[in-house]
Amino acid sequence: MPNHGELPELAAAVLQPGFAGTTAPDWVRRWLGEGLGGVALFARNVESPAQVAALTAQLRAERPDVLVAIDEEAGDVTRFESRLGSSRPGNLALGAIDDVRLTEEVARDLGCDLADAGITLDYAPDADVNSNAANPVIGVRAFGAEAQLVARHSAAFVRGLQAAGVAACAKHFPGHGDTSVDSHHDVPLIDRDRAQLEECELVPFRAAIAAGVRVVMTGHLLVPAYDSELPATLSRPILTGLLREELGFDGLIVTDGIEMQAVRRRYGLAGATVKALAAGVDAICVGGDHADEQTAVLLRDAIVDAVRSGELPEERLRAAAARVRDLGRWTTATQTASGARAIADSASAVTVLAPTTSVGFDAARRAVRVTVAPGDAALPVREPAHVVEFAPPRNIAIGAETPWGLGAPLSDLLPGTTSVRLTEDDLGADPVATVLDGAAGRPLVLVVRDVHRHAWLAGALDGVLAQRPDAIVVEMGVPETVVGAVHIATFGATRASGVAAAELIAGTRVPAPAPQPLAA
């Protein structure tokens, strides 16, 4: 006979809410005692590794097996290092190097830092195949545009992260790469048939599952080949039929942020939550924008009401809660055995970022690619330069708070270097004059991100290069377009990537490469 008295606890178990502040709020601590299964940390919750360790120790004092999740891709998307920028190069850079042992090493290095701070679940790796260069939300977050490359690096990342006792999470199932729509704003359409999905999008997820990935995150994607009505997050044919039964995944399924417009606009927070659980989801990620107890109450009560009304089978909710607890037991046992739990419980976790020795900075150096026009000798630069950083519109997934660019690291190496950051609106009626203001008599470095996706940026760049053909172009996004006499691709805009490019320009660590023919 159903025991409906347990329903609030079961409903709380499947939630992973966010919250404000750098210490655990009273409501979160109280909810942990009442069954809350996990929480999601964002940049607003992070000041330092030691502070995060103290925060997670507060959470574990209420529930030792609590899942503490973070969206840390170790690239442009970083929450753990959002104040400085990531000390690692990111997925696209790792894919460009294409050394799976290095990718596994970088992921293990990341996992150790996270585990020492008490984090048990990382919403990474991004297993999307970025097959559409116009993709506004994936881009450098993917290992590349080729399915087998993405597959082998996704599997390596999973192995490295989980070797450190942090559960990995392959996302965004069944694949967010072939879209020009950001699911934060609307529902992307993946218009491929099943054979095409099998040959591309599903390849990395199969590899991640074979590598033992503990968690898969759903994408808010409409995939008519499997479900012409519901986005994947809410689709039983996709989550239960495809992911569980066909691909054989038996771990935890978590949603992408349930408040994202791709599902929230039509179904509401509560409606999307219930439909996701009924479709096969085990945990609901919420709190990027709705980081309050009222939202948690709304979702918990909606789940309870859905079970009581028969909309959500009680056995489905029990199975979801059981997977949450199973993962909590695995992370607790693994991190206890490794000694990470003792470090985190001491609230003294320390991350040492050493630009000259860390695996992340060294990986970023290996990723840098330079294209030089025949006969050009612009590198290295030996005098103070002028850096112009073109800032395209903010990507919500990456966030506005994370520093990026070359102005700071290059000024450290070439004292007297000046820099300016310009948006489309800043360029005004005479973009060339605006960009060249302050550059007279100085080497000029033009920093761009995804120039192929922004017509205003491409136009400004062409105009400036016509006046200053000696300018160095540094692409910190996807290097789809190669322009300029000297073009440097970093495959990401992380702190480590910026340092690597600055070192190359200044000639302090990486020798300037031999001239190569400029790509067409």
Salt bridge (Lys or Arg N to Asp or Glu O under 4.0 Å) evaluation trace for Glu73 with Lys171: CA-CA 11 Å; Glu73 296 178 11; Lys171 64 185 183 185; 2.7 Å; yes
Working for side chain to side chain contact (heavy atoms under 4.5 Å, CB included), residues Leu110 and Phe157: CA-CA 10 Å; Leu110 169 65; Phe157 200 103; 3.9 Å; yes
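The side-chain heavy atoms of Leu59 and Val68, taken from C-beta on, include a pair separated by under 4.5 Å. For the pair Val166/Thr331, no side-chain contact is recorded, criterion being any heavy-atom separation below 4.5 Å from C-beta on. The shortest side-chain heavy-atom distance between Leu41 and Phe19 falls under the 4.5 Å cut-off. Contact of the Pro174 side chain with the Glu201 side chain is not registered, since no non-hydrogen atoms from C-beta on lie closer than 4.5 Å.
Distance check: Asp76 CG to Asp126 CG gives 11.5 Å after rounding to the nearest 0.5 Å. The CZ atom of Phe249 lies 12.5 Å from the CG atom of Leu242; values are rounded to the nearest 0.5 Å. Atoms OG and CD1, on Ser154 and Ile209 in that order, are 11.5 Å from each other to the nearest 0.5 Å. Here the OG1-CZ distance, from Thr103 to Arg88, works out to 13.0 Å after rounding to the nearest 0.5 Å. Here CD of Glu311 is found 10.5 Å from CG of Leu277. Values are rounded to the nearest 0.5 Å. For the atom pair Asn45 CG and Phe80 CZ, the distance stands at 12.0 Å (nearest 0.5 Å).
The shortest heavy-atom contact between Asn130 and Ala142 is CB-CB, 3.7 Å. Heavy-atom minimum distance, Gly177 versus Asn135: O-ND2, 2.8 Å. When all heavy atoms of Leu15 and Ala296 are compared, the closest pair comes out as CD1-O, 3.9 Å. For the pair Arg316 and Leu312, the tightest heavy-atom approach, listed with the atom from each and the gap, is CG-CD1, 3.9 Å. For Gln16 against Leu252, the heavy-atom pair with the smallest separation is NE2-CD2, 4.3 Å. Scanning all heavy atoms of the two residues, the minimum distance from Gly95 to Leu149 falls at O-CD1, 3.6 Å.
In this model, a donor atom of one side chain and an acceptor atom of the other lie less than 3.5 Å apart for Ser497 and Thr494. Side-chain contact check for His153 and Asn91: no donor-acceptor pair (N or O, by modelled atom type) lies under 3.5 Å. Looking only at atom types and distance, the side chain of Glu293 has a donor-acceptor partner in the side chain of Trp31 under 3.5 Å away. If you check the side chains of Thr218 and Thr233, you find a donor sitting under 3.5 Å from an acceptor.
One finds a salt bridge joining Arg29 and Glu62 here, because a Lys/Arg side-chain nitrogen approaches an Asp/Glu carboxylate oxygen to under 4.0 Å. Ion pairing between Arg495 and Glu81 holds under the 4.0 Å rule for side-chain N and carboxylate O. Between Glu72 and Arg79, no side-chain nitrogen of the basic residue sits less than 4.0 Å from a carboxylate oxygen of the acidic one, so the salt-bridge criterion is not met. Ion pairing of Arg325 with Asp282 is absent here, as no side-chain N (NZ or NE/NH1/NH2) approaches a carboxylate O to less than 4.0 Å. Under the 4.0 Å criterion applied to side-chain N and carboxylate O atoms, Arg341 and Asp116 are not assigned as salt-bridge partners. Under the 4.0 Å criterion applied to side-chain N and carboxylate O atoms, Arg101 and Glu105 are not assigned as salt-bridge partners. A salt bridge is absent between Arg236 and Asp227; no separation between the charged side-chain nitrogens and carboxylate oxygens falls under 4.0 Å. By the 4.0 Å N-to-carboxylate-O rule, Glu198 lies close enough to Arg206 to be salt-bridged with it. The residues Arg192 and Asp178 are annotated as salt-bridged, a charged nitrogen and a carboxylate oxygen being separated by less than 4.0 angstrom. Taking 4.0 Å as the cut-off between side-chain N and carboxylate O, Arg214 and Asp326 do not count as a salt-bridged pair. A salt bridge does not link Arg60 with Asp65: none of the charged nitrogens is closer than 4.0 Å to a carboxylate oxygen.
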